[in-house]
Amino acid sequence: MAEEKLTTRSEDFSEWYNQIVLKAEMADYAPVRGCMVVRPYGWALWENIVSALDKEFKATGHVNAAFPTLIPMSFFEKEKEHVEGFAPELAVVTHGGGEKLEEPLVVRPTSETIIGYMYSKWVKSWRDLPILIVQWGSVLRWEMRTKLFLRTSEFYWHEGHTAHATKDEALEEMYRILDIYENFAVNEAALPVIKGRKSDTEKFAGAQITTSIECMMQDKRALQSGTSHYFGQNFAKAFDIQYLDTNNTLQFCETTSWAISSRIIGAIIMTHGDDQGLVLPPRLAPIQAVIVPIYKNDAEKSKVMETANRIFAELKAAGIRLKMDDRDNVSSGFKFNDWEMRGVPVRVEIGPRDVEKGSVALARRDRPGKEGKSFVPQTNLAAAVSGLLVEIQSALLARATAFRDANIHEPKDYEELKQVVQDGWAFSYWCGSKECEARVKEDTKATTRNIPLDQPKGEARCIVCGEKAAQKVYFAKAY
RNA sequence: CGGGGUGUGGCUCAGACCGGUAGAGCGCACGGUUCGGGUCCGUGAGGUCGAGAGUUCAAAUCUCUCCACCCCGACCA
């Protein structure tokens with residue numbers, strides 16, 4: 001149950017976040033270092049995320065499958081960059097059944113290797129391609145500093161792994177998925193995101209191209225909210241994924257992989273939450289509306305509950321995800337705060353006065369307090385609530401977009417860049433060199449987030465070194 | 001792995017300098033009261049004081065060793 005006041009965002013953003021996660025009962029600390037327990041309310045949100053994405057993947061020809069959690073250590077050693085990238089964070093199983101294993105097994109930090117191994121068995125002919133498989137599950141990475149949802153040792157995700165005959169098809173797949181991610185983020189989670197390509201230093205271990213969607217949190221730090229990678233033939237060569245083309249010539253496949261993790265829940269919290277607690281986008285909220293009946297004696301209770309139950313049935317029939325809060329051991333004021341902490345988009349208050357007047361009070365979560373409360377007639381309430389849910393969904397996106405845009409700067413020189421990334425993002429021309437990128441990181445702790453796919457025409461000078469630059473990049477401090 | 005900190009009912013902590021009957025608030029259970037923005041009262045359950053060793057008639061408290069967790073830095077979805 002939610003307790004007293006929340007630490008405010010301005011007091012301590014990080015503490016505010018921790019408290020929301022715990023008080024809204026999204027997750028809790030597990031007895032294992034760096035691990036979390038996703039509680040039912042948090043998992044219900046995750047399930048809504050899963051089903052929205054799953055629907056899109058299936059609509060684009062993907063199928064789900066499951067691969068083992070344990071991967072032979074030797075598999076990791078087959079792709080040089082991959083093993084170098086992941087070696088420091090592997091958990092390794094050395095014993096089984098009381099005996100030392102002949103070969104240690106790695107608890108998967110990601111599944112490119114074992115899936116690559118299987119693909120090499122399955123792919124023989126151009127007719128076997130493409131393979132478009134998605135695995136939903138969890139992975140384990142031995143993280144040094146963890147934070148609920150944002151970075152835990154074990155986390156939940158899907159990982160898509162595809163194999164194609166040609167480079168063009170693989171690239172097309174990578175971008176198709178990035179579009180799905182963008183659509184999901186914007187339309188379901190109300191997260192304004194920027195699609196772009198990662199710099200060489202920021203890309204995935206073993207990838208030729210890594211793309212991402214990046215989102216600005218309310219503390220103005222960036223959060224990578226989804227990634228899609230093109231591997232070229234790197235993994236195909238490491239795992240011998242080959243097919244015979246129509247000319248009977250042996251060819252290596254082109255592969256991709258992509259993921260959105262439970263981290264996206266952290267993005268939703270840090271983008272939409274306020275000082276009252278969580279604010280959930282209606283399309284993903286496990287509970288879209290809560291009914292709070294108000295009464296002070298049994299006579300009032302029976303009258304109010306009769307109306308409340310009738311309204312509950314109407315809203316339920318309209319397909320609204322709904323909760324009746326009929327607890328009578330807590331006051332209604334407590335309930336208001338409690339549901340605000342949990343981020344329920346719409347609250348329907350029904351008291352004796354409403355029963356008399358044939359009205360209800362509707363409170364919208366994106367505008368807490370009196371401002372967001374209105375009295376509306378009971379007739380056609382389902383339509384009113386549905387309409388309000390749509391309105392809240394778009395209001396959240398609009399607010400987050402305005403906030404982001406207000407905090408993206410285009411500094412005129414390097415001095416100004418160093419300033420703006422302390423409390424915002426910089427969008428600047430960059431020559432593409434590792435040296436300039438490293439210098440920015442050294443001087444400011446900000447890194448390149450991504451090079452947006454939509455680039456302005458023309459070229460200019462690199463903000464750091466002044467050499468010719470053909471592309472603009474976002475610099476920001478990131479999670 | 002470096003630097004800092006903390007371990008006492010479910011949670012937040014007091015008690016420790018100066019050794020002597022384990023405490024408070026919140027939460028929880030029960031009864032009543034209240035309910036249009038975090039009600040109030042009463043009763044009650046609940047603790048090997050992180051672990052081990054030592055000093056002492058006596059240790060939550062003093063000494064030593066160990067362990068765990070948190071915060072700050074280097075890696076990451």
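Keep in mind it's a predicted model, so treat the numbers as computed, not measured. Naming convention: chains lettered A, B, ... in sequence-line order (proteins, then strands); numbering from 1 in each chain.
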Just compare [options] and give me whichever is closest to any side-chain atom of [X].
X	options	result
P352(A)	A77(B), G36(B), C76(B)	G36(B)
K441(A)	A77(B), C35(B), C75(B)	C75(B)
K296(A)	C35(B), C76(B), G37(B)	C35(B)
K445(A)	A77(B), G36(B), G73(B)	G73(B)

Exercise. Is R9(A) salt-bridged to D219(A), cutoff N-O under 4.0 Å?
Worked result: no

Does any nucleotide pair with [N] by Watson-Crick or G-U wobble geometry, both distances under 3.5 Å, and what is it?
N	value
A22(B)	none
U61(B)	none
C40(B)	G32(B)
C49(B)	none
C1(B)	G73(B)
A68(B)	U6(B)

What integer distance in Å separates [X]:[atom1] from [N]:[atom2]?
X	N	atom1	atom2	answer
E154(A)	C76(B)	CD	C1'	16 Å
E15(A)	U12(B)	CD	P	11 Å
Q19(A)	U12(B)	CD	C1'	12 Å
R108(A)	A77(B)	CZ	P	17 Å
K198(A)	A77(B)	NZ	C1'	10 Å
E81(A)	C76(B)	CD	C1'	16 Å

Exercise. Reckon E300(A) touches a base, only the sugar-phosphate, or nothing at all at heavy-atom distances under 4.0 Å?
Worked result: nothing

For this session: Describe the nucleic acid contact of F375(A) in one word from base, sugar-phosphate, nothing, applying a heavy-atom distance below 4.0 Å.
Result: base

For this session: Show the numbers, then the answer: is there a side-chain contact (heavy atoms from CB on, under 4.5 Å) between K147(A) and R145(A)?
Result: CA-CA 7 Å; K147(A) 198 165 173 72; R145(A) 283 187 61 199; over 6 Å; no

Seminar exercise, completed: RNA chain B nearest-nucleotide lookup for A363(A) and S153(A): closer to the 5′ end is A363(A)

Problem set entry | Centroid distance under 5.5 Å and plane angle under 30°, F334(A) vs G37(B) | no

For this session: Run the numbers on H161(A) and F67(A) for ring pair (Phe, Tyr, Trp, His ring centres under 6.0 Å), then give the verdict.
Result: CA-CA 11 Å; H161(A) 293 273; F67(A) 295 83; 7.4 Å; no

Problem set entry | Within the 6.0 Å centroid threshold, strictly below: F204(A) and F86(A) |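 F204(A) vs F86(A): aromatic centres under 6.0 Å.
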
Exercise. Do the two ring centres, one from W157(A) and one from F155(A), sit under 6.0 Å apart?
Worked result: yes

Confirm from the modelled atom types if [X] and [N] form a donor-acceptor pair under 3.5 Å, side chain to base only.
X	N	result
R141(A)	C76(B)	no
K373(A)	G37(B)	yes
D354(A)	G36(B)	yes

Exercise. Can you check whether R145(A) has a side-chain N or O nearer than 4.0 Å to OP1 or OP2 of G73(B)?
Worked result: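 For G73(B), OP1 or OP2 has a side-chain N or O of R145(A) closer than 4.0 Å.
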
Problem set entry | S331(A) vs U39(B): side-chain N/O to OP1/OP2 distance below 4.0 Å | yes

Exercise. Are side-chain heavy atoms of F149(A) and M36(A) found at a separation under 4.5 Å?
Worked result: yes

